[in-house]
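Take a look at the structure set out below.
All values derive from a computational prediction rather than experimental measurement.
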Amino acid sequence: MNRRKLIALSAVFVTAVAALLISSQTVLVSARNGGARGQNGDREEPPPPFYNPYPTGILPADLNSEIARVLREVDNIEFEALAQLRALPSPTLTNQPPILAHTGQRLNVLLGKVMNFDKNISPFKDRACGFCHMPYVGFSGPIPSVNLTMVAYPGSFQFRAGKRTAQRYTYSPSFPVLNYNETQAAFFGGNFWDSRATGYKLGSPDEEQAQGPPVDTQEHMLPDTACIAFRLQTAVYKPFFIEVWGDAIDTIKFPHNTEEICGTPGGASVFGTNTMPIKLSSADRSIANDVYDHWAQSIDQYETSPDVSAFSSKFDAFLHDPATNPLTADEMAGYNLFRGKANCNSCHLDGRSTAPTPATGTAPNGEDTGAAADTRPVFTCFGSANLGLPLNPRDAIYYQDKPDFFGFTANPFGFGFRDLGLGAFLRSGPGSWASPNDTWTQFAPTSDGQMQTSSARNVALVPPQCPTTEAPGPYFQKEFFHNGYIKSLKQLVHFYNTRDVFAFQFNVTSGHCPTGTTEKVDCWPMPEVPNNIDMTIGKLGLSDTEENQIVAFLQTLSDGFTRPYPDINTFTGMCTTCNPATDPNCSSSRQGNNFLIPTPSPLPPCASVICGVAPLPGPKPIP
């Protein structure tokens, strides 16, 4: 119990100091990045200047204050997790093989939670995993203005940013290890939009996904995986880590310049191509690698737990007892469309069959009357698909074509970058990871443009004070799909419904729809990647009412119906509202259209290091 008293005293001290300094620290973190620090954390030199290669309007006007808000929320959840850890009775080490009996599982879950919300796991101690993945939006992006504008979230050195939306990680632990199914001629499994966290080493894609952001050059930005062990050595929750994983972490002898290294963002020119700049003995490097694995395993336990993947939605209650927990008429109509005419169920599996198809064609047209075969469906097939989305010129990645203060250039190709998704990973291409399996490379051309089929669960989850994702509101502005092109669930369903309607198809890029048409309403720009487009959707023949009914059903998949969803009340920001009488874009159909910008014309061709790598994309060239 001495351990827990020490933790309690440390946490009280940290809380008191935070209360005294939060205003100045918030301004520092949100308006300026921290500079190099000594071993005791004192500043030794001025902070580096912002990285801002963006044209006016890409960075939202409220970005600094919104970053500060989310960081305060992250702190609050971290303090809550520490309190939960202190209150938890110690487990008993027993059994053969050894097991932490009684409270061991909860201890590991809470350890994962506190680490998920630890900002110290970044060079400037200003980014936690939770910064881009907050509970009140299903562990996806928590800043409405970012979701409207720059799409990708800013990392520890501001304002480097990624290239895709912050993918929800509710139910992500359910995805299996990535493998190629020869019979179906398709890949299934993995984590991340491009499935690059395969699970080949740890046996869990979700665990390997957790190892990505801390050393991603545009997210947490640590330059060496050993920085995790280094920062954990002084973490207030270290005794809990030791209780679960042992005390080997304390035996690592870090060199004197480790803080300087870990305080410098990854990708800095000073590191060159060295991904292990901390000079450790082979024994210490092995321990640091184990610590990194354990970091990921505990975070996976948090994400697997009912704290994150809760199965507590209205739909779950309906599955359990339809008589006691019936869906409304619109929700039920939407559910029948979801597993019938709209064909959603062919990819977002609900544990039942997709309704019978007509004699010709592939689109279902009937009603599924079968019994539920799965009472905890995850609403994904665990596969990938190219939905034919257009290039989104608002994505921050396109503008990061100049070196920052540290000499790092995230995207030297500018608008010559194309996101080939799974295909890029299979080629070990730019912006992805190296593939661990060369036999997969041959399938890159048939995988170009494919992105992971995320679970439909929690797609509509929002804070209680912002009860919907749809305008006019009050609503919480989210972004959908890998590049954030879609801004409402109504638009999402309408895209699935009308993408291939001939009158709506135009050979233009986003921002260039013809006069007399409205983008995302009756004009869909050409796809970024024209190959391998999923043809199970695109021309579903749904009416406007039927689209709305599917939206109503999707809202039943939000956790928190049967019991409160943990930490859903941590949102302290503002909901969005608009007035349809004065704003022509104040509707779920045109939501966000006032933030559309034109794609450069002519659009530069796809960079050769992306589209000129064998096996080449085809059969159509990537424009």
Side-chain angles (χ1 to χ4, degrees), residues 6 10 14 29 33-48 111 114-115 118-129 155-157 160 201-202 208 210-299 403-408 433-434:
L6 177 61
S10 300
V14 169
V29 169
N33 286 287
R37 294 168 170 82
Q39 289 287 346
N40 62 359
D42 294 333
R43 187 178 306 287
E44 293 181 339
E45 59 185 69
L111 176 62
V114 75
M115 293 194 299
D118 182 3
K119 303 196 307 286
N120 291 315
I121 308 301
S122 58
F124 301 114
K125 302 181 180 181
D126 61 351
R127 287 298 181 272
C129 298
S156 183
F157 173 51
R160 284 192 200 172
K201 183 180 178 183
L202 297 181
E208 292 182 14
Q211 294 182 320
V215 290
D216 190 293
T217 52
Q218 290 134 274
E219 296 187 49
H220 295 222
M221 306 182 190
L222 291 173
D224 190 320
T225 58
C227 290
I228 290 283
F230 178 71
R231 291 283 170 87
L232 289 184
Q233 278 191 343
T234 56
V236 67
Y237 53 82
K238 184 182 72 172
F240 297 108
F241 184 92
I242 289 174
E243 191 167 13
V244 175
W245 298 113
D247 59 4
I249 186 174
D250 278 339
T251 68
I252 303 174
K253 297 178 178 63
F254 284 100
H256 66 88
N257 64 341
T258 301
E259 178 57 42
E260 180 182 356
I261 292 172
C262 293
T264 303
S269 59
V270 67
F271 298 129
T273 59
N274 186 3
T275 58
M276 292 187 288
I278 300 175
K279 302 305 179 185
L280 296 174
S281 68
S282 59
D284 282 345
R285 176 60 68 173
S286 180
I287 296 170
N289 289 342
D290 287 342
V291 168
Y292 202 55
D293 288 346
H294 295 329
W295 148 276
Q297 289 164 329
S298 290
I299 287 182
D404 62 21
F405 175 84
F406 296 96
F408 174 73
W433 291 356

Side-chain contact test, heavy atoms from C-beta onward, threshold under 4.5 Å: evaluate it for [X] versus [Y] and give yes or no.
X	Y	value
Phe271	Asp224	no
Phe157	Phe405	yes
Arg160	Thr217	yes
Gln211	Leu202	yes
Pro255	Leu280	yes
Pro223	Val215	no
Glu259	Phe254	no
His220	Cys129	yes

**Request:** Please confirm whether the backbone N or O of Gly155 pairs with a side-chain atom of Gln218, one donor and one acceptor, at under 3.5 Å?
**Result:**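 A pair under 3.5 Å: no.
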**Item:** Verdict with supporting geometry, Glu219 and Arg127, side chain to side chain contact (heavy atoms under 4.5 Å, CB included)
**Value:** CA-CA 8 Å; Glu219 296 187 49; Arg127 287 298 181 272; over 6 Å; no
Give the minimum heavy-atom separation between [X] and [Y], together with the two atoms involved.
X	Y	answer
Lys279	Asn274	NZ-ND2, 3.6 Å
Gly212	Trp433	CA-CZ2, 3.6 Å
Ile249	Phe241	CD1-CE2, 4.4 Å
Ile278	Cys262	CD1-SG, 3.7 Å
Asp126	Ser156	OD1-OG, 2.6 Å

**Message:** Could you go through Asp290 and Trp245, starting from their C-alpha distance and side-chain angles, then the distance that decides it, and tell me whether this counts as side chain to side chain contact (heavy atoms under 4.5 Å, CB included)?
**Reply:** CA-CA 9 Å; Asp290 287 342; Trp245 298 113; over 6 Å; no
Report the distance from atom [atom1] of [X] to atom [atom2] of [Y], rounding to the nearest 0.5 Å.
X	Y	atom1	atom2	result
Leu222	Ile261	CG	CD1	12.0 Å
Ile287	Ser281	CD1	OG	7.5 Å
Asp404	Ser269	CG	OG	8.5 Å
Lys125	Asp118	NZ	CG	10.0 Å
Ile242	Asp247	CD1	CG	6.0 Å
Tyr292	Ile228	OH	CD1	5.5 Å

**Prompt:** Does the distance from a Lys or Arg side-chain N to an Asp or Glu carboxylate O, for Lys238 and Glu243, drop under 4.0 Å?
**Reply:**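 So Lys238 does not pair with Glu243 through a salt bridge.
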**Message:** Between Arg285 and Thr225, is the side chain to side chain contact (heavy atoms under 4.5 Å, CB included) condition met? List the steps.
**Reply:** CA-CA 10 Å; Arg285 176 60 68 173; Thr225 58; 4.0 Å; yes
**Prompt:** Using the ring of each side chain (for Trp, its six-membered ring), is Phe124 parallel, tilted or perpendicular to Phe406, with breaks at 30° and 60°?
**Reply:**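 The arrangement is tilted - the two ring planes meet at 30° to 60°.
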